[in-house]
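Before any comments, here is the structure.
Proteins get letters first, then strands, A, B, ... in listed order; numbering begins at 1 in each. All values below come from the heavy atoms of this structure, side chains included, with hydrogens, waters and symmetry mates left out. All figures in this text were calculated on a predicted structure; none of them were measured in a lab.
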There are 2 protein chains.
Amino acid sequence: MVEEQDERILAELQKDGRATNQQLAETVGMSTSACWRRVRALEEAGVISGYSALVARERAGFATSAILHVSLERHDVKFVDEFVARVTQRREVLECFATTGDADYHLRVVVRDMDAYNRFLDEFMFRIPGIRHVRTNVILKEIKTGVALPF
Amino acid sequence: MVEEQDERILAELQKDGRATNQQLAETVGMSTSACWRRVRALEEAGVISGYSALVARERAGFATSAILHVSLERHDVKFVDEFVARVTQRREVLECFATTGDADYHLRVVVRDMDAYNRFLDEFMFRIPGIRHVRTNVILKEIKTGVALPF
DNA sequence: CCATATTTGGTAATATCTACCAAACTGGAG
DNA sequence: CTCCAGTTTGGTAGATATTACCAAATATGG
């Protein structure tokens, strides 16, 4: 089970995923070896599923992003599985959630420009079988893009 | 400007944010010192805005998440700034985007359970001045939660 | 309260980071 | 083409960090 000390480690590693074990041990208040073993355990238990550099979208040349509301025509496993498989594959789709509400799925898509977004729709999204409706909500401004769980 | 080699570095550091400089240099095919300097430059230029451990939401005890569509009553800077300030503050709100479409904002909120979500609405969201409408779309399933830009 | 299992801090060999150097490369100007 | 100044490169070595191991301390439950 994830407990008090682990949560401090997780919180800190979310803030700085490249903190050295020594820094980490100091900020959470334990010895380097104890700290190191807990981190390792969290990794092996899959609580920490990985580490990532956070790249500034615009500075890296991705000017355009959007949130898509997608509804499927029918909800056979066949269509659903196909949709999930394709969306998982496609790297422009950063996030995809099955949700309650009007749409079946919420997707966040990131591309270099509007042209690329148009191609994304034509060549990918509109060709997925069983799609009823796709509504694009262009992202005008990123107020916040966090990854850290609120421990 | 971000070029070819930098993109390979960014792609790799998105996949493994704790790759050692040696591994990284090898996979992108340059010397450790050249690689290290480029990474440092990307950090200082703010292209890499940070590093983070990716924590498995459910395993860390956050069972509930939702996507909120929020509309403001009026769009005075006063209300907008207040909304942005509060939402930025609040740690349960992982993401917030100003979008085109019916709603003004899309938020992703993560909490430990439905009870906490209810409190989040009552004690936080519904008390923000100038809110016209909040629609909750509970996340039934996370198909994909990526952070890596599609280089 | 005791016996056992788990977790802890310290240590030392190994691996890595990071600042520095001289050499190689780049791209204008003549 | 040739030269030169400005970058970028690879190598190196001292400082730092990682990681496996041990014995001591702490928690568990009968």
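Relative to the side chain of A:S33, the nucleotides C:dG9, D:dT18, C:dT18 differ in distance, and C:dG9 lies closest. Side-chain atoms of B:R40 lie closest to C:dA19 of the nucleotides C:dG9, C:dC17, C:dA19. The nucleotide whose nearest atom lies closest to any side-chain atom of B:Q22 is, among C:dC17, D:dA20, C:dT7, C:dC17. Listed candidates were C:dG9, D:dT18, D:dT8. Nearest to the side chain of A:A34 is C:dG9.
Put simply, CD on B:E43 is 12 Å from C1' on C:dC17, counting in whole angstrom units. The nearest whole Å value for the distance from the OH atom in B:Y51 to the P atom in C:dC17 is 11 Å. Separating the CG atom of B:L42 from the P atom of D:dT8 is a distance of 12 Å, rounded to the nearest angstrom. Across the protein-nucleic acid pair, B:Q23 atom CD and D:dT18 atom P stand 13 Å apart, rounded to whole Å. If you measure from atom CD of B:E4 to atom P of D:dT8, you get 16 Å, rounded to the nearest angstrom. Atom CZ of B:R38 and atom C1' of C:dC17 are 19 Å apart (whole Å). Rounding to whole angstrom units, CG of residue B:N21 and C1' of C:dT18 are separated by 9 Å.
In B:Q23, the CD atom is crowded: over 12 heavy atoms of neighbouring residues, nucleotides or ligands sit closer than 6.0 Å.
Here B:E7 pairs with A:R112 in a salt bridge; the nearest charged N to carboxylate O distance falls below 4.0 Å. We find that A:R86 and A:E82 are joined by a salt bridge, their nearest charged nitrogen and carboxylate oxygen being less than 4.0 Å apart.
Residues A:F124 and A:Q89 form no side-chain contact, since every pair of their non-hydrogen atoms from C-beta on lies 4.5 Å or further apart.
Within 4.0 Å (heavy atoms only), B:Q5 reaches sugar-phosphate atoms of the nucleic acid but no base atom.
For A:W36, no side-chain nitrogen or oxygen approaches OP1 or OP2 of D:dT18 to under 4.0 Å.
Of the two residues contacting DNA chain D, namely A:T20 and B:S31, the nearest-nucleotide position lying further toward the 5' end is that of B:S31.
Looking at B:K144, its side chain never comes within 3.5 Å of a backbone N or O of A:C96 through a donor-acceptor pair.
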